[in-house]
Every structure is written in structure tokens, then in C-alpha cells.
Amino acid sequence: MARLLLSLLVCVLCSCFVATAKLPNIVFVLVDDWGFADVGFRNPAISSPNFDQLAKTGLVLNRHYVFKYCAPSRASLLTGRWPHHVYQWNLATDATAGTNLNMTMFPAKLKAANYSTHMVGKWHQGFFDPRYLPINRGFDTSSGFLCGSEDHMTQNAICAIDYWKNNAPDPRNGTYDAYIYRDDLTDIINSHNTDEPLFLYLPLHNVHLPLQAPKEWLDIYPANSTCDKRHTLQAMVSVADNVTGHLVELLKKKGLWDNTIMVISADNGGAHCSGSNYPLRGCKETLFEGGVRSLAFVNGGLLPESRRGQSTDGFIHIADWYTTFCKLAGVDPDDSGTGKFSVDGLDVWPIITGENEKTQHEEIVLGYNFDFNHPGQGAIIVGNFKLLVGLQNAFECDSLGWRPLNYPCSNGLEGPDCDPYCLYDIINDPTEKNDLSKKNPEILSKLLDRYHSYSMEPRDMQDQGYHSQFSVPRDPDACKYMQSNGGYWRPWKNL
Ligand SMILES: *[C@@H]1O[C@H](CO)[C@@H](O)[C@H](O)[C@H]1NC(C)=O
Ligand SMILES: *[C@@H]1O[C@H](CO)[C@@H](O)[C@H](O)[C@H]1NC(C)=O
Ligand SMILES: *[C@@H]1O[C@H](CO)[C@@H](O)[C@H](O)[C@H]1NC(C)=O
Ligand SMILES: *[C@@H]1O[C@H](CO)[C@@H](O)[C@H](O)[C@H]1NC(C)=O
Ligand SMILES: *[C@@H]1O[C@H](CO)[C@@H](O)[C@H](O)[C@H]1NC(C)=O
């Protein structure tokens, strides 16, 4: 009887909701190179009161997977494809390439539901031709920088200033970038027409190299408590925390928060020598959990009360937000067509609401057959198990190892590389200590079959035909062009 009453009540509530509901506001905050333990609620040495509060009153995503470095993770998010179905290389500043124009980025999808769409921060999806600019990929406005990294204080990238607003260089260079973003967020939210649903993408440049932070934020940490690198990274996290907290305040003041879903995630794990992915193994640039299992959580007024203060072990890949956001906006996520893979992301809203926390994915392809330093490298998750194929990139520090919580000033443990495979039970061995590839040949063979099934796909469509970042075409004259055209990075080709 109680149950019947409850379901009646739920029905009544639902129909009210349907009758009056406005489309949800969607906010995605992407923090660059943010380690699994580079946040206060996992590490008392980090001051991040806003993130901590959002996680504490929100839902922590324990198994949120991303690519092992920047541009592909973003391409995967924006196009809803596995990284190898978009690309798995990082775009150089002078690259004459970008995210496949035939793929509809989800902000463009959201336009079909009349969303007002904005991005503030780092693009890194190509800009040599104006058609690749954010403003031509579904964003009504964009503000920030176009390449992968730049000086946080001056906005200089290699040979020119990289600061861009909508369709033109932005002359506000010369201020710590996160502060400029904070101002832009204020303008965007305050001038937002609340009759329209809002989509805001905030890919912060913090805490990516170069390690730089304003003095007032360095000063909140005790001097000499950590080495310089770590000290600066701590301060950079605190700035990211402050900007995100500011955004939440703006959304609340404007009355948008109650109808908002906000996702906060890293684009990949903390970088070698500066970030902390404790207790996970490895870091950015490796497919170990420290590289690809990201710090992530969800909040906003639309998160059901029953999920607040909880965490979920449901598997999510960053590509899933494409489908999830389209569904929330009532837009068809289909983006199939010739010359491109269709969307891989699945609707993970049932994981967020707790309605069904089981992953809908039969497998998650973390990377497939890419050719960075080690041809044929990749990784796949099937059920409890994760297969890593090929040597992981052993950069400096102890990128193959396990680091103490307040890395990198003290040495971590160095681990063995995957030669030719590693196999882990990531549910029972989340820190990847016990390689089963030799002990458990049956499971190894099952996962290898799944992994190699992707060899049936047209290779010339994988990675958009460039199978190494070194084969992505670059323009040797790009710098000359920028220097004789105002000193700002800008599109330099019209195809
Ligand atoms: C986009 O699709 C068209 C038509 O199928 C094709 O000619 C073109 O090469 C595709 N572009 C890319 C970047 O794949
Ligand atoms: C979007 O706006 C157009 C023009 O005002 C309107 O015709 C259409 O119904 C709107 N679509 C949605 C999904 O609200
Ligand atoms: C911004 O960049 C331009 C172009 O390089 C330069 O002329 C200007 O001095 C810079 N502004 C600041 C405040 O650094
Ligand atoms: C921090 O360390 C540096 C170099 O070892 C030293 O010169 C400085 O006095 C120390 N500062 C404090 C506040 O202990
Ligand atoms: C951000 O930092 C400024 C300067 O320290 C402070 O006044 C403000 O309260 C902070 N905002 C949030 C939301 O943390």
C-alpha cells in the first residue's frame, strides 16, 4: 500500500515536472592534468573548499575514464566517440588538422533545443582553418586559447600570443588566465537570458604546465612544506577551485542552479613529477589507472537528493556525456554518416540517478593501436578486467610506479612495464599491483580477442588516418604568419 501511494505520488510529481520543466542547464568543468588525489577531499595537503563541498553534497564518480592526455580526451567528450574513433594524438600549435568537421560536437546538437552555448578556457581541437573554431562547432560564444598550452601569465605560446574571443584575438593578454576566465563567467551568467537553457563548457588551463600561480595563492600554503613544483601545483588547484566556486555562486544568484547538472572532471591523470594520483598507479601519458581513471564528480540542483553525499562505481567514459546530455536536452544523439564512426557514448543518466548503476558498456576502449612512442599500444576494460597492450611510456620520474600521497618530492615505487601485456582485475586490484597476464591466459585471450576485434574496422578512419602525432601535418611558416599578422595565434588557412 505504502508502495502504491509512493508510486502514485511519484507519478503526480513526474507529470508536474513534465508540464512545467524547463530543459536542464548543463555545465561541464574540465580541469587540466588534475591528479586523482589533487583535491582536498582526497588529500588534506590541498586547499579546495569549493570542490570539497561540491563532492560532499554531490556524487563522486569513482570510475570515470578518460584518455591518457589532453586533445583526444576533449575530442572524445565533444564528439562522443572512443578516442581511436576520433584521434589519439595531441595537436601541435602549428598543426594543420583538427577534430573531424563531419562529426557534430554536442554543443551543436544542443543548439537544436535552443540552448545558449558558451565556452571559456582551452580549446585544443584545431584552428588552422576558421571552420575548426569553437564558434563554428556549436558555441555561441568562446573565450580563451586555441592551442594546448601557453604561459598562464602572458598567454604566449611558442612565438605568438594565444588569446581568442569568438572571431578575433582578445587583447586582454597579460593577466593570469584563470582570472580572465572568472571575469568572462561573470559576464556570461549575468547576461544569460533565463528563458533559454544554458550549456557552459569550462575547460580550465589549470593545473597544466607551465607550473605558474599568482603569489596570493602560493601564499596560502606554508613555505617549504613541499618542493617548488608541488607547491605551485597546489596553488593552481586552489585557483581552479576558486573559479569553479565563483561559477557556482553566479549560477545560484541568477537562479539557475536548481535546474542545473554540473559535471567536474580531469581530462587525464596528474602529470609526472607534479601531480598526485595516489593510490593509483602511473600518471598522465600512461594507460595505467593513474593516467585514465579521472577525478570526477557531479552536482547541481538536478542531482537527486538520494545521490547526495554518495559515490558510484558505475563505469563511465568521458564520451558518454555526449549521449547523456543530448538525452537530457531531448535531442537525438545520432551522428552517423559516411566517413566517420558513429557515436560510442551511452546514456549514463541512470548511473547518476542511481536507477541503474550497472554499466551499459560491454567494454570500454581506453586506447587502441596508437603509435606514440610504442606502436600498437592500447588498453581495454571488459567486466572486472583491464588489458594493457605494449610498453607504457616511461617518461621521467616514476611514471610506471605508485607514488606517495604528496608526490613528487619523495620517490614512489617503480613498477614493471607491460611487455607485451598487463592484465589486472581492477575491481579487486585497483592499484594494478598484480599482473595476471601470465597467470590467467584464458582471460588474457578473451580480452585480446575483444581488443583485436577493432582491427576489423577501417584503419584509415581510425585516428582520422594519422596514426602518429608525428604524421599530423604541420605548417613550418605558421609562426612567421602570426608574427606578421598582429602577433596573436589565429586561423591561417581557408580551405
Ligand atoms: C567528411 O565527409 C566527406 C563526405 O563523406 C568526405 O569527403 C570528407 O573527407 C570527410 N572529412 C573528413 C575530415 O573526414
Ligand atoms: C527553438 O526555437 C524555435 C524558434 O523560436 C522554435 O520554433 C522551436 O520550437 C524551439 N525548439 C525547442 C526544442 O524549444
Ligand atoms: C598582448 O599581446 C600583444 C601582441 O603580442 C602585445 O603587443 C601586448 O603588449 C600584450 N599585452 C600585454 C598586457 O602583455
Ligand atoms: C625555504 O627554503 C629556502 C631554501 O632552502 C630558504 O632559503 C628559505 O629561508 C626557506 N623559507 C622558510 C620560510 O623556511
Ligand atoms: C575566490 O577568491 C577570492 C580572493 O581570495 C575570494 O574573495 C572569494 O571569496 C573566492 N571565491 C570562492 C567562491 O571561493
Side-chain angles (χ1 to χ4, degrees), residues 18 20-27 29 39-40 46-55 57 93 108-117 138 140 144-147 150-165 168-183 185-186 189 193-199 202 204 206 212-221 235-254 257 262 264 299 325-333 479-490:
V18 169
T20 58
K22 282 188 177 172
L23 288 174
N25 303 306
I26 300 170
V27 177
V29 180
V39 71
I46 304 274
S47 168
S48 58
N50 295 291
F51 288 144
D52 298 352
Q53 182 65 16
L54 288 167
T57 60
T93 308
K109 287 276 188 188
L110 296 181
K111 287 308 295 175
N114 295 338
Y115 271 71
S116 163
T117 58
D140 296 333
F145 66 107
L146 301 169
C147 314
E150 61 180 5
D151 190 288
H152 287 269
M153 307 282 187
T154 65
Q155 288 75 45
N156 184 61
I158 307 172
C159 57
I161 300 295
D162 185 4
Y163 225 62
W164 191 260
K165 190 164 182 142
D170 183 335
R172 289 177 299 166
N173 51 291
T175 298
Y176 193 72
D177 48 18
Y179 288 3
I180 311 182
Y181 303 157
R182 202 169 55 186
D183 290 346
L185 292 170
T186 308
I189 303 301
N193 172 0
T194 51
D195 292 340
E196 291 168 0
L198 171 76
F199 170 62
L202 176 61
L204 292 168
N206 289 41
Q212 295 167 311
K215 185 172 180 310
E216 60 266 33
W217 290 100
L218 288 165
D219 287 349
I220 70 172
Y221 292 95
M236 291 174 86
V237 173
S238 298
V239 177
D241 175 81
N242 183 263
V243 175
T244 306
H246 178 67
L247 173 59
V248 172
E249 281 177 359
L250 290 167
L251 291 165
K252 286 184 176 165
K253 261 189 221 139
K254 185 82 176 181
W257 181 252
M262 179 186 246
I264 299 172
N299 206 316
F325 292 157
C326 284
K327 289 276 178 67
L328 285 173
V331 172
D332 183 357
C479 272
K480 272 185 239 153
Y481 179 91
M482 302 312 148
Q483 279 156 0
S484 55
N485 281 278
Y488 288 88
W489 282 98
R490 55 165 73 236

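Any value given below was found using the heavy atoms of this structure, including those in side chains, with hydrogens, waters and symmetry copies removed. Both counts, for ligands and for their atoms, begin at 1 and track the order of listing.
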- Item | Part of Y163 with heavy atoms under 4.0 Å of ligand 3, whether side chain, backbone, both or neither | neither
- Item | Nearest-0.5 Å distance, CD of residue E249 to CH2 of residue W257 | 11.0 Å
- Query: Judged by non-hydrogen atoms, does T154 sit under 4.0 Å from ligand 3?
  - Reply: no
- Item | Shortest non-hydrogen contact between N242 and N50, atoms and distance | CA-ND2, 4.0 Å
- Counting from 1, what ligand 3 atoms have a heavy atom of Y488 closer than 4.0 Å? 1 (C), 2 (O), 3 (C), 4 (C)
- From Y181, Y176, F145, residue fulfilling ring-ring contact (aromatic ring centres under 6.0 Å, His included) relative to H152: Y176
- Query: So how far is it from N156 CG to N173 CG, rounded to the nearest 0.5 Å?
  - Reply: 9.5 Å
For ligand 5, list all ligand N or O to protein N or O distances below 3.5 Å, rounded to 0.1 Å.
residue	atom	partner	partner atom	Å
ligand 5	2 (O)	N242	OD1	3.3
ligand 5	2 (O)	N242	ND2	2.3
ligand 5	11 (N)	N242	ND2	2.9
ligand 5	14 (O)	N50	ND2	3.0
ligand 5	14 (O)	N242	ND2	3.1

- Query: When you look for heavy atoms under 4.0 Å from ligand 3, do you find them on the side chain of I161, its backbone, both, or neither?
  - Reply: side chain
- Message: As an exercise, identify every atom of ligand 2 less than 4.0 angstrom from a heavy atom of N114.
- Response: 1 (C), 2 (O), 3 (C), 8 (C), 10 (C), 11 (N), 12 (C), 14 (O)
- Looking only at side chains, do S47 and D241 share a donor and an acceptor under 3.5 Å apart? no
- Query: side-chain hydrogen bond (donor to acceptor under 3.5 Å, both in side chains) with D219: which residues, sequence neighbours excluded?
  - Reply: K215
- Query: Closest approach of T186 and H246, non-hydrogen atoms and distance?
  - Reply: OG1-NE2, 2.8 Å
- Task: Could you tell me which non-hydrogen atom of G174 sits nearest to which non-hydrogen atom of Q155, and how far apart they are?
- Result: N-OE1, 2.6 Å
